[in-house]
Amino acid sequence: MANQFGTKIRQLRQDGRLLQKQVADRLHIDPPMLSKIESGDRKAKKEQVNLFALALKADGEELLTLWLADHLLDVVAGEQLGLKAITLAGAQIKNHLKDNLTLANGL
C-alpha cells in the first residue's frame with residue numbers, strides 16, 4: 001500500500017542515472033525484485049535499507065524513516081482510530097527515548 005520508500009529508491013536510482021540491474025546487482029537481488037520494491041508491490045526487508053543507502057549513496061536515516069513510515073501506514077490505513085493510535089505510540093516512543101537518555105547519562 002504505502003510506498004514512500006520505493007518512490008524514493010526509484011528517484012535516487014534515476015537521479016544517479018543507474019539502471020535497475022546495476023542497483024539490483026549491488027544489493028544481490030534480481031531486477032524484477034527491485035522493480036517490485038520501487039512500485040510498492042513488495043516491501044524491502046529492514047536489513048536491506050542500509051544496503052540501499054550504500055548502493056545509492058543516500059542518507060540511511062532518511063531511508064529507514066521512509067521504510068518505517070510505510071510499515072506504520074500499512075498497519076493503520078483504513079483504521080478509524082489510526083491517527084489516534086499513532087499519536088499515542090509517538091508519545092510512548094518519546095518517553096521511552098527520554099528514559100533511555102536519562103539512564104545513559106546516569107541521571
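In this text, all values refer to a predicted model and were calculated from it rather than measured experimentally. What you see below is based on every heavy atom in this structure, not just the backbone, and it leaves out hydrogens, waters and symmetry mates.
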Check whether any side-chain heavy atom of Thr65 sits under 4.5 Å from a side-chain heavy atom of Gln4, and report yes or no.
-> no
Just wondering, do Phe5 and Leu64 contact through their side chains at under 4.5 Å, heavy atoms?
-> no
Nearest 0.5 Å please: distance from the CG atom of Leu56 over to the CD atom of Gln11.
-> 10.5 Å
Lys/Arg-Asp/Glu bridge criterion (N-O < 4.0 Å) met for Lys21, Asp30 = no
Minimum heavy-atom distance Val76-Ile86, with the two atoms named | CG2-CD1, 3.5 Å
Within-4.5 Å side-chain heavy-atom neighbours: Thr7 and Glu38 = no
Quick one: are Lys8 and Leu63 in side-chain contact, heavy atoms under 4.5 Å?
-> yes
Please test Ile37 against Lys43 for side chain to side chain contact (heavy atoms under 4.5 Å, CB included), starting from the C-alpha separation and ending with a verdict.
-> CA-CA 6 Å; Ile37 291 170; Lys43 298 290 183 196; over 6 Å; no
Which atoms form the tightest heavy-atom contact between Gly60 and Ala53, and what is the distance?
-> CA-CB, 3.6 Å
Could you pull out the closest heavy-atom pair between Asn3 and Ser39, with the gap in Å?
-> ND2-C, 3.2 Å
Can you find a heavy atom in the side chain of Gln14 that is under 4.5 Å from one in the side chain of Arg10?
-> yes
Is a side-chain N or O of Trp67 found less than 3.5 angstrom from the main chain of Ala44, in a donor-acceptor match?
-> yes
Do Ile9 and Leu34 come close enough that some side-chain heavy atom pair is under 4.5 Å?
-> yes
Are Val23 and Met33 connected, step by step, through hydrophobic side chains (Ile, Leu, Val, Met, Phe, Trp, Tyr) whose heavy atoms are closer than 4.5 Å?
-> yes
Where is the tightest heavy-atom contact between Gln22 and Leu19, given as atom of each residue plus distance?
-> OE1-N, 2.6 Å
Is the shortest heavy-atom distance from the side chain of Ile29 to the side chain of Gln48 under 4.5 Å?
-> yes
Would you say Arg42's side chain and Lys36's backbone share a donor-acceptor pair under 3.5 angstrom?
-> no
Do you reckon Leu68 sits in the same ILVMFWY cluster as Phe52, going by side-chain contacts under 4.5 Å, direct or chained?
-> yes
